[in-house]
Amino acid sequence: MVCHQQFDDDYRKVHNQKQHADLIRGKKFIGYRVANAPKNPFEAAKKKSKLGASSANQDTPKTGSTVDGKKIDEENGDGLENYTLPPECSQTIDVVEENPRSGDTDDVVEENPRSGGDTDGPMEADDVLIECNTETVMTAECGTNDNKGEESEKGNTEGANDDLDWLDCAGQLSHLAADFKVVQTLLDGVRGESCPLVETFLTNVKEITSQITEKSQSLHDNAEIVLNNFKEKKKMVDDACPEVVHKFPPHDPGERGEIKHDSERKYLVNIGPHQPKLRKFPQNKDIPAKKQCRFSSTWYMSYPHLEYSIKEDAAYCYVCSLFSSDTSDASDKAWSTCGVRQWHKMMSRGAGKKGKLAEHFESTNHKNALRDFIHFCNESAHIDILLDKDRRANLIQSKHDQMMNREAVTIIMDIERTLARQGLPFRGTTDADNKETDGNFYQLVQLVARHNAVMKRWLDEKRMRPYQVTYLSPHSQNEIITLLGKHVRKQISTEAQMSQMYAVMADTTPDASNKDRLAVALRYVNESGVVKERLLEVKETLDKTGAVHAADIIKSLEDNDLDTTQLAFQSYDFASNVSGKHKGAQAEIEKELERSVPYIPCQAHRTNTVVEHACDSSTMVQELFNILQELYVFFSGSTKRHNLLTTRMKEIEDALNLRNLSKTRWTARAEAIQSVWRSYDAIIAALEDIMSSPPPSDKKTLAVASGLYRRMHNLDFVVAIMVMKNIMMKTMKLTEELQNDELNIVDALGITKATIQSLERVAAEEVDAQIEAACSFAEKLGIDPKHDFERLHRVRRPSRRIDDHQDTASGLTLHQFYRKECRCVLDTLITQLKDKMQPTLDIIKPLEQVLGIPFKLPKPEEVACLAALFPCEVNADVLTVELELFKGLLENAAVTNSVSEAARLAHQHRRTLPLTWKAYQLLLTAPITVAKDERTFSHLKFVKSVYRSTMGDRRLDHLLLLNCEKDLTDGIDLADIMELWALKPRR
């Protein structure tokens, strides 16, 4: 048996243990030969000697000579099997298995096809051919005794495959492209001919497709061979160049010690010199206070390689500490070992004398160290790299692999960013068999790999990398998600810091795992003068008391490097644990910060509460919403009934589908009222079809349909839906406007006042008209308004035992009754809107008086009240002067429409009138609603659904941030994330 495998001499023992363990156990002989060596090295040596190749005589061991002290026998070559080749020699193994029964040895010897050696006759079992070669890889060929001819043919084929390279594949591809040109010619011919020859055309098609198939298959096979060879060589290169990792030295030069390894130098070169900038450096008490007795950070500008040790309070030379020389000069040696701290002599030591800094950085020792530093940084200039071709190739290959791996990991990051942005789950089912491959993340990676060569290579070459890493594991997912989330949060906190004032908004909700989640959001004005509402953090809160809420909010601000002295406003909903004046979160924050932080309650929550109270004030309106909900449940509970309603709705123009009533968002019930009103005729027709359906029919369905039909033909229902559709639509539009991020508090209250005025006009002028319209609509439905009203609301006369004149008891007429019901709803709505809005008006009164439109010159006391609202101290007199000048700018610009236009003008003149812009910035920062938190909770339902309820808190926080702030997520520079990711250990 002959084993033809290539390997380095160092891997001989490993190869034998893996491939020939049975021979070792049987104590059978294993011979080796050098790749590309001739069969008879002695004759080859003679030929080389005749040609004058003296090097061959030196490199080829001769019979009878001594190699490493061992005699080589001329007849049987004894001693060669124990001879160890030098590292630069390459060998090929001939594994010879002896037959224990006959004692004979069967050999099959093949020369490497590339060697061109003689193949006549078998080789003796104990013949070993040795030839020094610059290659370090051994040739492998496999064969058996039984079919020597087949093995010879296979060896020739493998030798030809070994000669293939990518240029051959490129040539084949070019040749294949020529056949496609022939295909195009055939297509052009058959398109242009009026009477094409079908038989000839099909024959040509068959012939050309056969050629293309054959060439494509050949090209595919050759490309696979070349690619496998490349991977094998690459793996051997990676194994031949292991990285040596040393402990990272401290950055502080006083703790660093002596630098011994290049890996330590590389680490320090990457992070640069240690140049801390302290607010006040320690004083050297040995130096008089009148002189320079402290280190100065301004010296870094003049001497970029200067370092300072906080531990030793001494100055060091960055370059000399990395490349110290054996100098006898104590002054130069101090710059790299113990440091220098004679601060009064650093810049000057008297007239005409240079300071210690200039003296050292101009010294010969420093210049020599700087020269070594430059050569070290320029790795391509190293003499060992210039002379060592293998190392140069390894470095080039390493750089190439780093670029390819970097691109693959960037694609993985982009996939994770996309999934997080869309709020999609990453992982699959919890089934142990396919949980790693069934998720969206893994499948998207596979999808990209099918169309992207870089990702396909990354997955295919997994086994060639250390630890077979792919960075697709849950741990790697969390690591990348964390980096992405921190990047977005850092950008938000940076913008809020630069604005120098911000408002905080917070709200809580339970998640899918029944944990109470606190969402903290910010409202601020960015550098462009645009209002931004951003989510800062979502975390679990363990207690709902005001003190705990306040502590959680302040901790979120401080953890993100936000200065609490810049907190201008706070906004929450109506819950007593946050809105309480004494123990609510808003009061606890003021106690913690020891100053006043105005609390503006959420106007959208207040509007929703007011609408709920107004609707509850009338039993007629309550019955209206009961019927609307029953209609939705009835038709959505059966596909047959739903299809019947849909068919009827197609006959009506602008019909709307029925909407479910929201239990919390009362203002959204306007859509449910509008859908029933627009589809009134279709609903009636669908109910009639169900009632008239032939038996057998579900009795319960018929009873419910009959009851809904009768209640929709009720005058109370018709009047209620006619009046409430207008009222609810006004409140819904108000809520939608209040939830606009760019709306300011003054305009928001102006919109609320306008809505109140509109409702007052409805109560005074439009109620009677709407009642008349309802009666007319009821008549079209076949309802007698007067008769139906008397049936539903007949006069309840008292007993004669109570009233002897019961005939004289008065009752309400149709218009009086319905006017009373409508006014009850409207009066409650108007009164509570005014009452709930008044506290907010009191808070922002200085802003409205000074900055409202039309702009007027404010009084000094008004400006003083405005200055008191700022989170920082503002000079009211200076602000008054600026406002006087700003009034002229407003008049010249003809700004009379809104506060937003005036704020834009103030932003344009923020450098000349800074306090005026700060005043408008304060106005724009005032929050109106906590809609940002509510939108976050809507995203929470998708990001942490019942199918993802085991998600960790940190992962949830970052995924929500990436999902809610889509514009910032899209703007992430993955190159920056890659740099941060590469700094992590085990990269």
Side-chain angles (χ1 to χ4, degrees), residues 607-639 641-649 652 654-691 700-736 762 767 770-771 773-775 777-778 780-781 783 788 792 818 821-822 824-826 828-829:
T607 303
N608 185 74
T609 305
V610 167
V611 172
E612 180 181 3
H613 292 169
C615 294
D616 290 341
S617 64
S618 173
T619 56
M620 184 178 70
V621 175
Q622 292 178 6
E623 180 65 16
L624 166 67
F625 288 122
N626 292 336
I627 297 174
L628 296 181
Q629 183 65 17
E630 291 179 16
L631 284 171
Y632 173 80
V633 172
F634 179 73
F635 283 105
S636 62
S638 169
T639 56
R641 296 193 292 268
H642 181 270
N643 293 334
L644 181 61
L645 177 62
T646 303
T647 303
R648 286 293 186 176
M649 290 175 64
I652 301 176
D654 297 333
L656 296 177
N657 292 326
L658 298 181
R659 302 290 298 272
N660 188 19
L661 296 183
S662 175
K663 295 181 179 180
T664 56
R665 297 173 61 241
W666 278 78
T667 54
R669 298 191 174 196
E671 298 175 348
I673 296 176
Q674 193 69 18
S675 63
V676 173
W677 175 253
R678 298 273 290 274
S679 306
Y680 204 103
D681 295 339
I683 296 173
I684 294 296
L687 291 175
E688 290 176 348
D689 293 341
I690 295 173
M691 293 166 58
K700 183 177 180 181
T701 301
L702 293 177
V704 174
S706 177
L708 291 174
Y709 180 84
R710 184 175 62 257
R711 293 164 72 184
M712 288 187 68
H713 283 73
N714 190 305
L715 183 61
D716 286 356
F717 178 81
V718 175
V719 174
I721 196 172
M722 177 70 71
V723 175
M724 292 303 297
K725 68 181 180 67
N726 296 326
I727 297 175
M728 296 296 290
M729 190 59 65
K730 292 179 185 294
T731 57
M732 187 185 73
K733 292 297 182 182
L734 171 62
T735 305
E736 290 177 352
V762 170
V767 170
Q770 291 178 0
I771 294 174
C775 293
F777 182 75
K780 293 180 181 180
L781 296 175
I783 303 173
D788 199 58
L792 295 173
Y818 289 120
E821 292 291 329
C822 296
C824 182
V825 174
L826 288 169
T828 304
L829 190 61

Side-chain heavy atoms of Gln629 within contact of Asn660, under 4.5 Å = yes
Around Arg659, counting heavy atoms of other residues, nucleotides and ligands shown, do more than 12 lie under 6.0 Å from its CZ?
-> no
Arg641 NZ/CZ over Phe634 ring centroid, <6.0 Å and within 45° of normal = yes
Could you walk me through whether Leu826 and Val767 pass side-chain contact (heavy atoms from CB on, under 4.5 Å), step by step?
-> CA-CA 10 Å; Leu826 288 169; Val767 170; 3.9 Å; yes
Can you find a side-chain donor-acceptor pair between Glu623 and Asn714 that sits under 3.5 Å?
-> no
So, is the end of the Arg669 side chain (NZ or CZ) under 6.0 Å from the ring centre of Phe625 and within 45° of the ring's axis?
-> yes
Check step by step if salt bridge (charged side-chain N to carboxylate O under 4.0 Å, His left out) holds for Asp689 and Arg648.
-> CA-CA 10 Å; Asp689 293 341; Arg648 286 293 186 176; 2.8 Å; yes
Check whether any side-chain heavy atom of Ile683 lies under 4.5 Å from a side-chain heavy atom of Tyr709, and answer yes or no.
-> no
Heavy-atom side-chain contact between Leu829 and His613 under 4.5 Å = no
Least distance between heavy atoms, Cys615 atom then Gln622 atom = O-CG, 3.7 Å
Look only at the side chain of Ser618 and the backbone of Ala614, and say whether a donor-acceptor pair between them is shorter than 3.5 Å.
-> no
Exercise: identify the closest heavy-atom pair between Ser679 and Leu656 | OG-O, 2.8 Å
Measure the CE-NZ distance between Met728 and Lys733 for me, rounded to the nearest 0.5 Å.
-> 13.5 Å
What one should report as the nearest heavy-atom pair of Gln770 and Met722 is O-CG, 3.5 Å
Can you say whether the rings of Tyr680 and Phe777 are parallel (under 30°), tilted (30 to 60°) or perpendicular (over 60°)?
-> perpendicular
Should the heavy atoms of other residues, nucleotides or ligands under 6.0 Å from NE2 of His713 be counted, would the total exceed 12?
-> yes
Yes or no on side-chain contact (heavy atoms from CB on, under 4.5 Å) for Glu630 and Val704, after CA distance, side-chain angles and deciding distance?
-> CA-CA 9 Å; Glu630 291 179 16; Val704 174; over 6 Å; no
Could you give the distance from OG1 (Thr607) to CE (Met732), rounded to the nearest 0.5 Å?
-> 13.5 Å
Separation of Ile721 CD1 from Asn726 CG (nearest 0.5 Å) = 11.0 Å
Non-hydrogen side-chain atoms of Leu658 and Leu645 separated by less than 4.5 Å | yes
At their closest point, which heavy atom of Met712 faces which heavy atom of Val718, and how far apart are they?
-> O-CG2, 4.1 Å
Atom OH in Tyr818, atom CG in Asp716: separation rounded to 0.5 Å?
-> 3.5 Å
Measure the spacing between CG of Leu708 and CE of Met691 and express it to the nearest 0.5 Å.
-> 10.0 Å
Beyond-backbone contact of Leu661 with Tyr632, side-chain heavy atoms, under 4.5 angstrom = no
Identify the two heavy atoms, one from Val825 and one from Ser617, that lie closest to each other, and give their separation to 0.1 Å.
-> CA-OG, 3.9 Å
How far does OG of Ser706 sit from CD1 of Ile690, to the nearest 0.5 angstrom?
-> 11.5 Å
Please name the pair of heavy atoms, one in Asn657 and one in Ser675, separated by the smallest distance, quoted to 0.1 Å.
-> O-CB, 3.2 Å
